[in-house]
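As the structure is a prediction and not an experimental result, all values here were calculated from the model.
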Amino acid sequence: MEFAILGPLEVRTRTGNRIRLGGARQERLLAALLLHPGGAVPVPRLVDAVWEDRPPATADRQVRNLAGLLRRAFRKADPTGPPVLLTDGRGYRIPLDDHGLDSRLFADTVARSRRTAAAGQQSAAAAGLRQALSLWRGPVLDGLEGQLIDAGAVPLDELRLTAWEDCLDLDAALGRHRASIPELTGLVADHPLRERFVGQLMRALHASGRTADALTVHRRFTGRLAEELGLDPSPELRRLHLALLTAGVDPQPDPGPGGAGPAAAGPRTAVPGTAGPRSAVPPTAGHPGGPVGERAGTVRTATASRGGTGPDPGPEADTADGGPGPRPGVPVPVPAQLPPSLATFTGRDAELAALDAFAEAASTADDRDPGPAHRPGSASATRICAVSGSAGIGKSTLVVQWAHRVRGRFPGGQLYADLHGFSAEPPLTPHTVLARFLRALGVPGEQVPNVPEEAAALYRSMLADRRVLVVLDNARSAEQVRPLLPAAPACLTVVTSRAGLAGLTARDGARPLTLDLMPTPDAVALLDRVIGARRARSEPAAVAELAAVCGRLPLALAIAAGRLAERPGRTVADHVAELRDSGNRLTALAIDDDAASAVRATLDLSYRTLPAAARTLFRLLALAPGSGLTAAAAAALCGERVAVVRPVLDQLATAHLLTHEGGDHYRLHDLLRLYAAERAAAETGRAVSTAARERLGDWYLHHADAAARLLTPHRRRIPLDPPGPWYEPPAFTTAAGAQRWCESEHGRLLGMVRAAAEHGPDALAWRLPVVLWSYWFTSPHLDDREEAARLAVAAAVRAGDRSGEGQARNDLATALGALGRHDEMLGELRLARALFASIGDRVGEGHTIGNLGDHCLGTGAYGQARLHFEGALTLFRAQPEERRDDWAIRVCETNIGVTAMLSGRAREADEYLHRALDLHRSTGDPVLESITLYHLGDHLRRLDRPAEAAARLRQALAVLDGTTRNPRLRADVLAAMARLGGAAGSPDVRVQVGG
């Protein structure tokens, strides 16, 4: 196992799979053990860790139970791994020789790096400390509270800060003064009374030519020290202050991270402590409690050489002709423009890892090519990341969170702009943003070029030799972003947008990252974090339901959690009920004093940017059953051909108002579906909506009929009106393809039946289930089959269609028979038979009689069953050629063979079953062929001919695997094969004549 406590508690297997623990008590118990690595922790101390000063009377026993639960969780996650939790005397311990712990790895790496520094290998020591500090993800055991946990975290926090101080001293020894200023500024802000950080910042500022700023830092520190603690600074800091005051010449600016550059213009006064065997801060390391605080440092500009062969003053110098650029001698700000990160940020581990990988790839490329010159066509390929996703999905929150984590890698600063691409305000022009960025980089406002191309050129020049992170939030298009892209190899750009920005990927080499809805565990964790762990854990089911009601959309989750946090007396269940019962859930997912943050408002901004055709299609999508549909179904909604509608679907997917799930499949998540329905109600007339529903119903009905003709090609059909000119036949042409289509569309087919039963037309509500009988009778979804049949009966009754009612009741009877509810089956068959007789439908009457035989087989009345099957055969054979149902005839003959087998008449059973098999094969009916092979296998088993029985059963499997994949029959065939040589008896698998 790999344990991590330098941040939130995490446990992962050797393969990297995360193990989720069972609750706060298990977490506190494990935390107490990990804070004492390798040693045994007595049970009383574990009791204190779990309950503090309020342990229950059974605390000792509960600790042992918790230990047992942890053991089981570890064993389940890694069954072959070494033991994790051992009993040791009166306590427990974790043997860390066999497992990993990040705090132990941190301490070992720091110690090794200090030995390396003592040996004079400063660069290697710095690299080691960077690696050690990068293990920290936040405060020790972030999210867990308690005196013992807090006490155990203190030495680790102190070791971290001391290691960080060592890093910064080595940075100074390596000449990296200017590069360390932004990080030191943040550290001093976060730890204002830690004198060593203050001294390091003063030295770095002085060495970078900013002695006045260094003296200001000292003045602020001494004032705060006296005010808060009544103390004076240490003698070392007083000596440093005196040295700065008596410095004869202001030192030249630091030449940069490499330590090589122009010679100083004059003597430099020595400053105590500017070199020593210590180490530099890792670019990825955060500080205790989160990333280094954001503070703006400054960089003093160099004076340009006016002639001769002096060194190039660089992009921060004023231009020789007095053109645009920072003024000589004027401090240039190091921009730190990132907005605050959210304290409630939760999850998104995969996306953060993807952003880390993007930055690492760019950093690796930069390390391979450290030269300052930009080579067109190569440097930008891995230095732009385009993060896209729907409104409220959390793009900005994710990117800002990540940017704070890595900003230590960018000593040149961080530039941020909200481009208002999808906002109530007009989108910002690139030139407006360039002007803001140039001013932030020290260009006086009056010197910002008015020509956009010149401003972009100056911007690229200013960043040419700097390592800057640029965050362009809420972009409208690639064209809006492109002028703002730095050309420097050391700069990274992250763009967020509701649009896909495919042009930025194709033309500028951006790496795309698409955000989806939060996984359920992360959504629940976000709610826990906002409303409080104790409150959430008291209603875990309600919290999970709240996550579902919010559609796992981060904005909706945050709003719902915020409302709960404001009302501590309200239960989560009550809030869920309000959202479910609300006539408009989108109205409830709003903030009273911040309308712009409401879910509806954010979706409005995306919707308004769509072309008219895309808005129309988006509204119609709300009429489709379920959350997903195919391009062909969407075309039916519009009454258009697929080729016309597919580009519009892609527009919606690009705008992240629809998710493309591959192939021709698209998905509309729950809150977007509610919003689409709201827009449809407001903007689409009832007649248009009704026509779209009817077209979609016709599309499903004719596709289902096409599937039925392949699954049971000789069975009687109900007549259908021809579809409209927009209809395109289905792509499937085989029984297996028809079965796969029915399976993939199962939920939507049932949803279509439900929608037709609710909204009409009734003709569709009863016809679609009747047509689907050919799929239903092989389907494992027995409850859905019954529901659809009952809805069909009700619809036919409403429509006053006696033939349709007879068909629907007959189908309902077969569904009840498959469920083993034979009494109810008999009642529906009698009603169906009477209906068919009243309208003179002899074929329909024959179907009900045949299914009465099936009912008798199910109840063991074999003699009566045979009479029904023979009676049905007589009716079928008496019909004229054009009305004869040959499929029903073959079904009855097959079932007579089954009846003979169950009655013990082996010779007759053999004759009927073999004749039926030949008929099914000659007519190309794999459904009946596989069923008959199964019965022949059972027949041969009963005759004690196991080898022949097994051969027939294998043939049945071959037919199933090659064609219809009837899951119910396949399970029965496998069970029959397992019974060979075993106990007698077998379940009946019969064919119902159907409707």
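A side-chain donor from one of H920 and T894 sits under 3.5 Å from a side-chain acceptor of the other. A donor and an acceptor atom, one from each side chain of R646 and Y666, are nowhere located under 3.5 Å apart. Side-chain N/O atoms of R968 and T778 include no donor and acceptor closer than 3.5 Å. No side-chain N or O of H656 forms a donor-acceptor pair with one of S606 less than 3.5 Å apart. Under 3.5 Å, the side chains of D854 and N895 contain no donor-acceptor pair of N or O atoms. A donor-acceptor contact closer than 3.5 angstrom is absent between the side chains of R748 and T630.
Residue R830 places its CZ atom among 12 or fewer non-hydrogen atoms of other residues, nucleotides or ligands, all under 6.0 Å distant.
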(request) Take R842 and E845 through the test salt bridge (Lys or Arg N to Asp or Glu O under 4.0 Å) and record every step on the way to the result. (result) CA-CA 5 Å; R842 300 294 282 167; E845 193 176 352; 2.9 Å; yes
(request) I would like to know whether L819 and R785 meet side chain to side chain contact (heavy atoms under 4.5 Å, CB included); could you show each step before the answer? (result) CA-CA 10 Å; L819 288 165; R785 177 182 174 186; over 6 Å; no
(message) Set out, in order, the CA-CA distance, both residues' side-chain angles and the distance that settles side-chain hydrogen bond (donor to acceptor under 3.5 Å, both in side chains) for H847 and D885, then state yes or no.
(response) CA-CA 10 Å; H847 280 211; D885 191 336; 2.8 Å; yes
(request) Kindly indicate, with the supporting measurements, whether the criterion salt bridge (Lys or Arg N to Asp or Glu O under 4.0 Å) is fulfilled by E683 and R615. (result) CA-CA 10 Å; E683 300 177 41; R615 292 199 302 272; 5.2 Å; no
(request) Begin with the C-alpha distance, continue with both residues' side-chain angles, and end with the deciding distance and a verdict on side chain to side chain contact (heavy atoms under 4.5 Å, CB included) for H868 and L857. (result) CA-CA 10 Å; H868 284 308; L857 278 185; over 6 Å; no
(message) Would V771 and L701 count as a side chain to side chain contact (heavy atoms under 4.5 Å, CB included) here? Give the steps.
(response) CA-CA 8 Å; V771 168; L701 183 62; 3.9 Å; yes
(request) Show the numbers, then the answer: is there a side-chain hydrogen bond (donor to acceptor under 3.5 Å, both in side chains) between Y934 and R970? (result) CA-CA 9 Å; Y934 165 76; R970 196 176 196 282; over 6 Å; no
(request) Check the pair H703 / Y727 against ring-ring contact (aromatic ring centres under 6.0 Å, His included), numbers first and verdict last. (result) CA-CA 10 Å; H703 267 55; Y727 182 77; 5.4 Å; yes
(message) S388 vs R498, test: side-chain hydrogen bond (donor to acceptor under 3.5 Å, both in side chains). Steps then yes/no.
(response) CA-CA 5 Å; S388 62; R498 299 183 191 183; over 6 Å; no
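Taking 4.0 Å as the cut-off between side-chain N and carboxylate O, R767 and D762 do not count as a salt-bridged pair. For the pair D925 and R890, the salt-bridge criterion is met [side-chain N within less than 4.0 Å of a carboxylate O]. Between R883 and D841 there is a salt bridge, since a side-chain N of the basic residue sits under 4.0 Å from a carboxylate O of the acidic one. For R790 and E787, the salt-bridge test fails: no basic side-chain N is under 4.0 Å from an acidic carboxylate O. D705 has a carboxylate O that lies under 4.0 Å from a charged side-chain N of R709, or vice versa, which qualifies the two as a salt bridge. Using a 4.0 Å cut-off between charged nitrogen and carboxylate oxygen, E743 and R740 do not count as a salt-bridge pair.
Here the CG atom belonging to L515 is positioned 6.5 Å from the CD1 atom belonging to I393, to the nearest 0.5 angstrom. With values rounded to the nearest 0.5 angstrom, L658 atom CG is found 10.5 Å from S390 atom OG. Here R695 contributes atom CZ and L623 contributes atom CG; the two are 9.5 Å apart, rounded to the nearest 0.5 Å. For the atom pair CG (L826) and CG (L831), the distance works out to 10.0 Å, reported to the nearest 0.5 Å.
Annotation for L671 and C550: closest pair CD1-O, 3.1 Å, computed over non-hydrogen atoms. V599 and L553 get closest at one heavy-atom pair: CG1-CD2, 4.3 Å. Residue A708 comes nearest to S774 through the heavy atom pair CB-OG, 3.7 Å, listed as atom of the first residue, atom of the second, then distance. The two residues L629 and A624 have their closest heavy-atom pair at CD1-CB, 4.1 Å. Heavy atoms only, all atoms of each residue included: A872 and C892 are closest at CB-SG, 3.9 Å. Contact detail for V648 and A614: the closest heavy-atom pair is CG1-CA, 3.5 Å.
Of the possible donor and acceptor atoms, one in the side chain of T654 sits under 3.5 Å from a partner among the backbone N and O of D650.
W741 and W699 have perpendicular rings, their planes meeting at more than 60° on a 0 to 90° scale where under 30° would count as parallel.
Take H781 and apply the ring-ring contact (aromatic ring centres under 6.0 Å, His included) test, not counting sequence neighbours, and it matches H746.
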